[in-house]
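The model shown is predicted, which means the values in this text are computed figures rather than measured ones.
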Amino acid sequence: EVQLVESGGGSVQSGGSLTLSCAASGFAYNDYCMGWFRQTPGKWREGVAFVNADGTSTYADSVKGRFTISRDNDNRTMSLRLNNVKPEDTAIYYCARPTSSLRRCRGSGFPVSDVGFWGQGAQVTVSS
């Protein structure tokens with residue numbers, strides 16, 4: 001059974017930092033690019049950052065230079081470090097795996113429609 005379990009959400013002040021983690025199990029982790037998405041009420045779920053099996057990554061323009069995605073293939077984990085957070089970063093953050101096995105994400109990541117499995121979500125709240 002595929003499982004993605006997130007941890008590390010919470011509240012942080014504007015300009016602060018936070019790290020989210022995702023523990024994966026039940027599939028060949030090294031064969032998949034992985035991603036983080038986020039969603040706020042009334043908005044579409046959007047891709048934030050993606051990491052290929054070899055550790056190379058891509059970012060949404062809104063977080064580029066502030067967020068860092070990484071993965072540990074030996075321990076089957078993925079992290080998202082949020083630095084210099086802003087109130088508009090407030091959202092539920094989801095760890096995601098695409099339906100198809102891709103060691104390298106196509107283009108700038110993968111869309112919501114290609115997500116096969118989601119984590120349970122981690123709330124991040126940034127106060128000004």
Side-chain angles (χ1 to χ4, degrees):
E1 178 189 5
V2 173
Q3 286 194 319
L4 300 172
V5 179
E6 300 157 17
S7 59
S11 297
V12 61
Q13 289 192 325
S14 183
S17 298
L18 196 68
T19 298
L20 303 177
S21 298
C22 175
S25 62
F27 64 100
Y29 184 68
N30 291 11
D31 287 344
Y32 288 82
C33 67
M34 297 287 293
W36 287 96
F37 291 72
R38 67 185 180 185
Q39 188 168 23
T40 54
K43 290 190 176 182
W44 296 106
R45 196 168 292 190
E46 63 171 350
V48 174
F50 300 88
V51 61
N52 297 315
D54 65 0
T56 54
S57 55
T58 58
Y59 299 89
D61 287 343
S62 57
V63 306
K64 201 173 292 183
R66 300 188 299 118
F67 291 9
T68 302
I69 189 172
S70 61
R71 65 189 290 163
D72 181 338
N73 287 339
D74 290 337
N75 291 307
R76 304 168 62 86
T77 58
M78 178 175 67
S79 296
L80 185 68
R81 175 69 173 175
L82 292 67
N83 289 326
N84 190 23
V85 295
K86 304 174 182 180
E88 52 264 42
D89 294 322
T90 295
I92 300 175
Y93 285 72
Y94 297 91
C95 166
R97 194 210 84 173
T99 302
S100 299
S101 172
L102 285 172
R103 292 179 62 81
R104 191 168 189 85
C105 297
R106 297 189 183 95
S108 58
F110 51 92
V112 170
S113 58
D114 283 355
V115 174
F117 295 90
W118 296 100
Q120 81 279 12
Q123 176 71 50
V124 172
T125 302
V126 182
S127 57
S128 57

Inset, instruction - Run the salt-bridge test on Asp54 and Arg103 with the 4.0 Å N-O cut-off and return the result as yes or no. - result: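 Between Arg103 and Asp54 there is no salt bridge, as every charged N stays at least 4.0 Å from the carboxylate O atoms.
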Inset, instruction - Using a strict 4.0 Å threshold on nitrogen-to-oxygen distance, state whether Asp61 and Lys64 make a salt bridge. - result: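 A salt bridge is present here (some side-chain N lies under 4.0 Å from a carboxylate O).
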Looking only at atom types and distance, does a side-chain atom of [X] sit under 3.5 Å from a main-chain N or O of [Y], one as donor and one as acceptor?
X     : Y     : answer
Asp89 : Lys86 : yes
Asn52 : Gly55 : no
Arg66 : Asn84 : yes
Glu6  : Cys22 : no
Asn73 : Ala53 : yes
Arg76 : Phe27 : yes

Answer yes or no: is there a side-chain heavy-atom contact under 4.5 Å between [X] and [Y]?
X      : Y      : answer
Tyr32  : Pro98  : yes
Phe67  : Val48  : yes
Phe110 : Val115 : yes
Leu20  : Leu82  : yes
Cys33  : Arg104 : no
Val12  : Thr125 : no
Thr90  : Val124 : no
Arg81  : Leu18  : no

Exercise: identify the closest heavy-atom pair between [X] and [Y]:
X      : Y      : value
Ser14  : Ser128 : CB-CA, 4.0 Å
Met78  : Cys95  : CE-SG, 3.6 Å
Gly109 : Thr58  : N-OG1, 4.3 Å
Asn83  : Ser17  : OD1-OG, 2.9 Å

Legend entry - Listed partners of Ser7 passing side chain to side chain contact (heavy atoms under 4.5 Å, CB included), at least two apart: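 Per chain and number, Ser7 pairs via side chain to side chain contact (heavy atoms under 4.5 Å, CB included) with Ser21.
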Inset, instruction - Quick one: list whatever passes side chain to side chain contact (heavy atoms under 4.5 Å, CB included) with Ala49, sequence neighbours left out. - result: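 Tyr59, Ile69, Leu80.
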Legend entry - Enclosure of Gln120 CD (heavy-atom neighbours >12, cutoff 6.0 Å):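 Enclosed: over 12 neighbouring heavy atoms sit under 6.0 Å from CD of Gln120.
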Inset, instruction - Find out whether the Lys NZ or Arg CZ of Arg71 is both under 6.0 angstrom from the six-membered ring centre of Tyr29 and within 45° of the ring's axis. - result: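 Here Arg71 passes the 6.0 Å and 45° test against Tyr29.
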Inset, instruction - Examine Arg45 relative to Tyr94 and say whether NZ or CZ is less than 6.0 Å from the centre of the six-membered ring and inside a 45° cone about the ring axis. - result: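 That pair qualifies as a cation-pi contact.
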Inset, instruction - Verify whether one side chain among Asp114 and Thr99 offers a donor that lies under 3.5 Å from an acceptor in the other. - result: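 Per modelled atom types, Asp114 and Thr99 side chains form no pair under 3.5 Å.
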For the [atom1] atom of [X] and the [atom2] atom of [Y], what is their distance to the nearest 0.5 Å?
X      : Y      : atom1 : atom2 : result
Arg38  : Gln123 : CZ    : CD    : 12.0 Å
Cys105 : Met34  : SG    : CE    : 9.5 Å
Gln39  : Tyr93  : CD    : OH    : 12.0 Å
Ser25  : Leu4   : OG    : CG    : 7.5 Å

Inset, instruction - Go through Trp36 and Phe50 one step at a time and tell me if the ring-ring contact (aromatic ring centres under 6.0 Å, His included) criterion holds. - result: CA-CA 6 Å; Trp36 287 96; Phe50 300 88; over 10 Å; no
Legend entry - Verdict with supporting geometry, Arg97 and Val2, side chain to side chain contact (heavy atoms under 4.5 Å, CB included): CA-CA 10 Å; Arg97 194 210 84 173; Val2 173; 3.8 Å; yes
